[in-house]
Amino acid sequence: MELTVWTYEGPPHVGAMRVATAMHDVHYVLHAPQGDTYADLLFTMIERLKKRPPVTYTTFQARDLGGDTAVLFKDAAQDAYARFKPQAMLVGASCTAELIQDDPGGLAEAIGLDIPVVPLELPSYQKKENWGASETFYQMVRGLAGAHAPAPGTERPPRPTERPARVNLLGPTALGFRHRDDVVEIKRLLGEMGIEVAVTAPLDAHARDIARLGGADFNIVLYPEIGLTAAKWLERAFAQPYVQTVPIGVGATKDFVREVAALAGIDPEPVLAANESRLPWYSASVDSNYLTAKRVFIFGDGTHALAAARVARDEMGFDVVGLGTYSRERAKDVRAMAKELGLEALITDDYLAVEKAIEDSAPELILGTQMERHIAKRHGIGCAVISAPVHVQDFPARYSPQMGFEGANVLFDTFVHPLVMGLEEHLLGMFREDFEFNDDAMPSHLATAGEGEIRVQPQPSAPNGAAATNGSAVEPAADATGEAGTHWDDSALQELKKIPFFVRGKVRRNTEKFAADNGVATITVETLYDAKAHFGR
């Protein structure tokens with residue numbers, strides 16, 4: 001085991017929580033010590049859900065280890081059933097509780113509840129969060145839909161020609177990167193194709209919905225890390241084919257539409273012809289030419305890293321100089337993509353190894369996770385977050401999908417804006433000492449050039465003696481003389497320049513008033529901060 005400050009994935013029971021929290025009328029009883037309830041905050045503070053996760057913790061303490069912790073679990077399960085009245089229950093142990101080997105599955109079976117109970121065995125010290133979500137969803141599908149599976153070898157009856165094709169969307173969960181908006185976009189796209197969505201799971205599904213997954217004509221795996229294992233089982237049990245192409249980017253979305261249309265027996269061309277994504281036009285425009293061959297480093301979960309690499313290379317004209325993932329379940333696919341790009345894939349969950357790879361490849365843009373955002377800040381590189389783990393700002397209130405044609409528009413903005421803002425910062429830095437743009441220069445619309453110098457246009461006097469500026473306050477020049485005979489020393493003036501221009505004038509006036517009131521003749525840096533503390537009270 002290796003101690004670390006940051007981690008790309010939590011333990012597998014957090015993945016199980018993501019499945020339970022995404023669903024309705026499903027409850028998760030987690031055998032866990034006091035302190036393991038921290039995971040609630042991921043959903044309420046980061047994703048900003050309006051309800052807490054449907055999880056009951058046993059929260060045993062150190063003193064309980066000398067007694068029968070199994071009784072604590074049975075009591076917690078019975079109380080959760082009586083209080084929440086779920087239609088299905090998940091039971092399992094956290095990484096700490098796994099060590100005491102109380103067997104939550106066997107204990108729950110002994111209680112004899114009259115609802116389906118799905119036991120979860122999630123090896124916390126070998127597997128991680130995405131695997132936990134995948135295993136939980138697979139066990140739920142197998143446990144709830146398995147009773148409706150036909151006998152092995154039974155051929156699937158053909159779909160009636162008068163009925164539209166029906167599909168299931170598999171993989172979206174709570175705490176997923178843009179899962180909510182992706183589902184909306186893909187449903188809209190399928191609706192344009194005349195295809196009905198039977199069940200979306202786990203997100204917004206009920207236990208009864210899981211039981212009827214086998215009734216759809218085929219499945220669409222939106223997030224392979226979570227939905228692929230269940231899709232493969234449904235293919236074996238119900239002879240349901242599945243679509244694995246992830247529709248992120250214009251090219252992948254077109255491939256997705258054609259693959260879905262082939263399984264549904266319809267013509268994809270009308271939907272493809274109506275594609276309104278602006279990404280191809282923007283990418284081909286003159287204004288985006290300066291982005292061509294920009295060096296980009298990509299790291300994230302397998303699904304989003306692979307999609308970003310394709311979009312960056314084929315649709316944005318970037319030069320991908322690094323590609324990696326922390327999702328070992330997708331390592332084979334990422335290695336294949338990296339080889340196609342002439343790279344060696346970085347498969348690791350060590351953020352320090354990722355930072356070293358970024359330093360070595362010297363990119364101009366990083367497409368990564370919340371961790372790469374921090375790395376980018378330290379190195380002064382533009383960064384866009386494209387994958388979990390993410391922070392609260394990556395769960396926007398606005399509609400912001402990654403998938404489909406509208407998602408391609410979002411991707412263009414996501415990829416390009418850090419470079420554009422980086423260019424702006426570069427120009428500001430380049431011209432910082434220029435006579436017309438330095439901190440002491442007046443706004444150009446209030447000054448005229450003459451004889452190689454800047455002269456301020458005189459302003460008519462207002463009744464109170466102040467200059468009339470048509471409602472706009474003009475900051476006085478940064479000279480050393482202040483009100484009531486106060487004087488600014490050089491270090492204080494330099495510190496004053498660091499304050500944003502739109503509040504600098506107010507800070508100066510407050511500081512000079514503070515100095516005059518307190519008999520301070522020379523304003524120093526200490527005076528500036530004493531005044532700040534005084535007026536901040």
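Keep in mind that what you see is a predicted model, and the values were worked out from it rather than measured.
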About how many Å separate [atom2] of [Y] and [atom1] of [X], when rounded to the nearest 0.5 Å?
X: Gln244; Y: Glu259; atom1: CD; atom2: CD; result: 8.5 Å
X: Leu234; Y: Thr229; atom1: CG; atom2: OG1; result: 11.0 Å
X: Asn168; Y: Leu213; atom1: CG; atom2: CG; result: 5.0 Å
X: Phe299; Y: Tyr351; atom1: CZ; atom2: OH; result: 13.0 Å
X: Tyr326; Y: Asp349; atom1: OH; atom2: CG; result: 10.5 Å
X: Leu222; Y: Thr200; atom1: CG; atom2: OG1; result: 8.0 Å

Flag if over 12 foreign heavy atoms under 6.0 Å of [atom1], [X]:
X: Glu269; atom1: CD; answer: yes
X: Glu235; atom1: CD; answer: yes
X: Lys51; atom1: NZ; answer: yes
X: Gln126; atom1: CD; answer: yes

Side-chain donor/acceptor of [X] to backbone N/O of [Y], under 3.5 Å:
X: Glu192; Y: Leu189; result: no
X: Thr253; Y: Pro247; result: yes
X: Ser134; Y: Asn130; result: no
X: Thr369; Y: Ala388; result: no
X: Asp181; Y: Tyr399; result: no
X: Glu225; Y: Gly302; result: yes
X: Gln87; Y: Arg208; result: no
X: Arg52; Y: Thr44; result: no
X: Asp255; Y: Ala252; result: no

### Message
Under 4.0 Å between a side-chain nitrogen and a carboxylate oxygen: does that hold for Arg180 and Glu47?
### Response
no
### Task
State plainly whether the residues Glu355 and Arg378 are in salt-bridge range, i.e. N to O under 4.0 Å.
yes
### Task
Applying side-chain contact (heavy atoms from CB on, under 4.5 Å), run through Lys254 and Asn275 and close with a yes or a no.
CA-CA 9 Å; Lys254 289 180 177 179; Asn275 161 32; 4.0 Å; yes
### Intermediate values then yes/no, side-chain hydrogen bond (donor to acceptor under 3.5 Å, both in side chains), Arg142 and Gln139
CA-CA 5 Å; Arg142 186 169 180 173; Gln139 293 294 349; 5.8 Å; no
### Message
Given Leu323, which partner from the list Leu346, Leu367, Ile298 fulfils the side chain to side chain contact (heavy atoms under 4.5 Å, CB included) test?
### Response
Ile298
### Query
Hey, mind stepping through Lys127 and Glu135 against salt bridge (charged side-chain N to carboxylate O under 4.0 Å, His left out) and telling me if it holds?
CA-CA 10 Å; Lys127 299 293 185 179; Glu135 180 69 9; over 6 Å; no
### Verdict with reasoning, Arg18 to Glu129, per salt bridge (charged side-chain N to carboxylate O under 4.0 Å, His left out)
CA-CA 9 Å; Arg18 289 175 56 188; Glu129 180 181 327; 3.0 Å; yes
### Task
Quick one: do Ile46 and Leu41 satisfy side-chain contact (heavy atoms from CB on, under 4.5 Å)? Show the steps, please.
CA-CA 7 Å; Ile46 303 301; Leu41 300 178; over 6 Å; no
### Message
Please list all pairs meeting ring pair (Phe, Tyr, Trp, His ring centres under 6.0 Å) that have one or both residues in residues 171-193, counting only residues at least two apart or in different chains.
### Response
Phe177-His304, His179-Tyr223
### Task
Scan for ring pair (Phe, Tyr, Trp, His ring centres under 6.0 Å) pairs involving residues 356-396, sequence neighbours excluded, and state none if there are none.
Trp6-His374
### Query
Does Met403 reach the side chain of Val246, with side-chain heavy atoms less than 4.5 Å apart?
yes
### Query
Between Leu170 and Tyr242, is any pair of side-chain heavy atoms under 4.5 Å apart?
no
### Query
How far apart are the C-alpha atoms of His13 and Ser124, what are their side-chain angles, what is the distance that settles it, and do they pass the side-chain hydrogen bond (donor to acceptor under 3.5 Å, both in side chains) test?
CA-CA 8 Å; His13 73 264; Ser124 301; 4.9 Å; no
### Message
For a salt bridge (charged side-chain N to carboxylate O under 4.0 Å, His left out) check, start with the C-alpha distance between Glu185 and Arg178, then their side-chain angles and the critical distance, and finish with the verdict.
### Response
CA-CA 11 Å; Glu185 183 64 19; Arg178 308 291 170 83; over 6 Å; no
### Query
salt bridge (charged side-chain N to carboxylate O under 4.0 Å, His left out) between Arg330 and Asp333: does it pass, once the steps are laid out?
CA-CA 6 Å; Arg330 302 297 307 278; Asp333 297 328; 3.1 Å; yes
